[in-house]
Amino acid sequence: MSQPSQPDKAKPLLTASVHDVRYFASLLRGIGFSNRASMRFTADSGITVTVEEARTLLATSYIYADHFDEWAFDVDNLQAAPSQLSAPDIDRHATSFEIPLNILLECLNIFGTANMTSSSSAGSKHKQWRRASDASDNDDGRRPNTNRIDQHFGSNEKRTSMRLTYAGPGHPLTLVLAEDSSGPTTTCDISTFDSEPNLELPFDAEQTLLGDQSSFWLRDALAELDPSCEKITLIANPVTEVQSAQRGIPAKPLFRIQGTGAFGTTEMDYPNDREVLEIFECSRGVSFSYRFAHISRTLRALQNSTKTSLRLEQEGLLSLQFLVPVPRPRGGMSDSFIEFRCLALDDDVAQ
């Protein structure tokens with residue numbers, strides 16, 4: 001780990017605040033299956049957090065700058081980490097480091113209010129998260145606290161607010177957390193480390209399959225699979241081949257999810273229905289298998305999403321993108337997403 005030159009007087013490279021950490025924590029928890037996480041701050045874009053598993057599965061959570069109440073990135077204060085000094089293509093508007101993701105999530109939930117809940121989603125078409133109550137437990141006419149915490153968190157509602165600061169390579173990631181502006185605050189300093197190269201899984205634009213679907217259907221499909229499944233197979237065929245099937249010949253599936261385990265095989269077919277598959281494009285028949293243990297890592301992100309984009313390229317690389325709704329600080333909703341990329345099993349392993 002690199003050493004800061006002036007640890008006590010370092011000017012923050014990044015300052016960001018949010019009045020409710022639940023949405024921020026949810027986007028991190030969606031990829032929380034690995035403790036080693038690479039975090040990247042970009043001046044205009046926001047935060048990207050990446051984890052990997054077994055050099056086969058790569059997951060990235062995108063947390064945009066407009067999701068925060070405050071986002072201030074001081075480009076003039078940006079310094080490269082020692083491990084990046086020799087890199088020819090240093091990005092002068094971004095910085096990255098590694099961080100223990102489980103510790104970050106524990107800090108965000110230090111008051112026990114960082115977990116999402118769907119109790120208010122009854123009767124709604126899509127799953128939504130319950131907001132903190134607008135009613136105040138402290139209605140005795142006292143004047144609101146006007147200290148610096150109010151300036152950062154701006155509300156007396158009972159929720160966990162966060163102010164995040166980062167001074168640059170070698171410095172810790174500092175979180176100031178408060179359940180409300182008049183209550184206690186907690187400051188957490190989390191050690192950061194120089195980034196190591198992540199697994200690269202570039203997706204070929206000449207993919208053979210593209211299917212956008214409601215997350216509800218995919219969530220139910222994966223729930224139907226036995227937890228003891230060893231592999232999951234995705235099978236797809238062009239619409240023209242499915243429609244031109246002759247009598248007496250079994251019709252090919254348009255899109256099939258097949259789970260195989262010690263107790264047998266489970267198959268689920270998706271129809272050519274816009275309520276299920278909003279977009280479906282397939283140039284040729286494809287069939288690729290993946291370890292179910294890797295696909296099951298997507299379930300937490302899938303549960304908080306409203307739409308899924310599933311893509312397969314010719315070599316079998318699978319891309320799953322989950323659209324996650326996030327409220328804007330000044331009202332309305334915005335969209336973030338979590339992406340998983342997974343390598344297919346080798347032919348001799350998949351058979």
Side-chain angles (χ1 to χ4, degrees), residues 12-52 58-75 77-81 84 90-109 114 116 152-153 160-177 188-198 300-301 304-305 321-329 333-341:
L13 170 64
L14 172 68
T15 301
S17 65
V18 63
H19 68 280
D20 190 346
V21 300
R22 290 179 300 169
Y23 306 96
F24 179 66
S26 177
L27 290 169
L28 295 177
R29 197 175 293 112
I31 60 171
F33 58 85
S34 176
N35 184 38
R36 171 182 172 266
S38 177
M39 183 170 285
R40 180 179 176 85
F41 295 152
T42 307
D44 298 326
S45 301
I47 303 174
T48 57
V49 186
T50 303
V51 299
E52 63 178 72
L58 184 70
T60 304
S61 181
Y62 297 87
I63 308 170
Y64 299 115
D66 63 1
H67 297 341
F68 294 88
D69 299 82
E70 175 191 8
W71 178 269
F73 191 100
D74 187 359
V75 177
N77 194 35
L78 180 60
Q79 297 179 357
Q84 300 173 336
I90 297 176
D91 189 346
R92 299 298 178 182
H93 294 80
T95 186
S96 60
F97 54 86
E98 287 188 5
I99 193 169
L101 187 55
N102 64 335
I103 293 179
L104 175 57
L105 287 170
E106 289 177 5
C107 290
L108 292 174
N109 196 39
M116 307 302 295
H152 295 316
F153 302 127
T160 299
S161 301
M162 175 193 72
R163 185 172 187 264
L164 176 151
T165 57
Y166 178 62
H171 294 273
L173 183 69
T174 301
L175 307 179
V176 179
L177 300 157
C188 303
D189 287 332
I190 306 175
S191 297
T192 62
F193 306 87
D194 290 347
S195 294
E196 297 292 335
N198 282 315
R300 189 180 292 272
N304 290 330
S305 66
Q321 293 181 341
F322 301 104
L323 192 69
V324 181
V326 178
R328 289 191 178 96
M333 298 296 292
S334 179
D335 290 322
S336 187
F337 70 95
I338 300 174
E339 181 178 20
F340 291 79
R341 293 185 181 182

Suppose we screen for side-chain hydrogen bond (donor to acceptor under 3.5 Å, both in side chains). Which residues come up paired with Asp66, at least two apart in sequence or across chains? none

May I ask you to decide if the ring planes of Phe68 and Trp71 are parallel, tilted or perpendicular, using 30° and 60° as cut-offs? tilted

Counting the benzene-type ring for Trp, do Phe337 and Phe322 have ring centres under 6.0 Å apart? no

Rounded at 0.5 Å granularity, tell me how far NE2 in His19 sits from OG in Ser161. 7.5 Å

Which heavy atom of Ser195 sits nearest to which heavy atom of Ser38, and what is that distance? OG-OG, 4.0 Å

Are any of the side-chain heavy atoms of Ile31 and Val49 separated by less than 4.5 Å? yes

Please step through side-chain contact (heavy atoms from CB on, under 4.5 Å) for the pair Leu175 and Val21, ending with a clear verdict. CA-CA 11 Å; Leu175 307 179; Val21 300; over 6 Å; no

Could you check whether any side-chain heavy atom of Phe24 comes within less than 4.5 Å of a side-chain heavy atom of Met162, counting everything from C-beta outward? yes

Interatomic distance, Arg40 atom CZ to Ile63 atom CD1 [nearest 0.5 angstrom]: 14.5 Å

Would you check, one step at a time, whether the test side-chain contact (heavy atoms from CB on, under 4.5 Å) holds for Leu14 with Thr95? CA-CA 10 Å; Leu14 172 68; Thr95 186; over 6 Å; no

Are Leu164 and Ser17 side-chain neighbours, meaning at least one heavy-atom pair lies under 4.5 Å? no

Hey, mind stepping through Thr42 and Thr48 against side-chain contact (heavy atoms from CB on, under 4.5 Å) and telling me if it holds? CA-CA 8 Å; Thr42 307; Thr48 57; 5.6 Å; no

If I compare all heavy atoms of Tyr64 with all of Ser336, which pair ends up nearest, and what's the gap? CE1-CA, 4.0 Å

Compute the ring centroids of Tyr166 and Phe41, then answer whether they are less than 6.0 Å apart. yes

Crowding at CG, Asn35 (>12 non-hydrogen neighbours, <6.0 Å): yes

To the nearest 0.5 Å, what is the distance between OG on Ser305 and CD1 on Ile338? 8.0 Å

Using only heavy-atom distances, determine whether the side chains of Ser26 and Asn304 contain a donor-acceptor pair under 3.5 Å. yes

Show the nearest heavy-atom pair for residues Gly30 and Ala301, with the distance to one decimal. O-CB, 4.0 Å

Which atoms form the tightest heavy-atom contact between Ala25 and Ala114, and what is the distance? CB-O, 3.8 Å

Between Arg328 and Met333, is there a side-chain heavy-atom distance shorter than 4.5 Å? no

Between Arg29 and Arg300, which heavy-atom pair has the shortest distance, and what is it? O-CD, 2.9 Å

Please list, chain by chain and in numerical order, all residues satisfying side-chain hydrogen bond (donor to acceptor under 3.5 Å, both in side chains) with Glu339, sequence neighbours excluded. Ser319, Gln321, Arg341

Can you tell me how far CG of Leu13 sits from CZ of Phe73, rounded to the nearest 0.5 angstrom? 4.0 Å

Rounded distance (nearest 0.5 Å) linking atom OG1 of Thr192 with atom CG of Leu173: 7.5 Å

Ile190 side, atom CD1; Met39 side, atom CE - distance, nearest 0.5 Å: 8.0 Å

For the residue pair Gly32 and Leu101, what are the closest heavy atoms and their distance? CA-CD2, 3.8 Å

Do Arg36 and Asn198 come close enough that some side-chain heavy atom pair is under 4.5 Å? yes

Does the side chain of Ile99 come within less than 4.5 Å of Phe193's, by heavy atoms? no

Mind checking whether Thr160 and Leu108 have side chains closer than 4.5 Å, heavy atoms only? no

Take Glu98 and Asp194 through the test side-chain contact (heavy atoms from CB on, under 4.5 Å) and record every step on the way to the result. CA-CA 6 Å; Glu98 287 188 5; Asp194 290 347; over 6 Å; no

Could you check if a side-chain atom of Glu52 sits within less than 4.5 angstrom of a side-chain atom of Ser34, using non-hydrogen atoms only? no

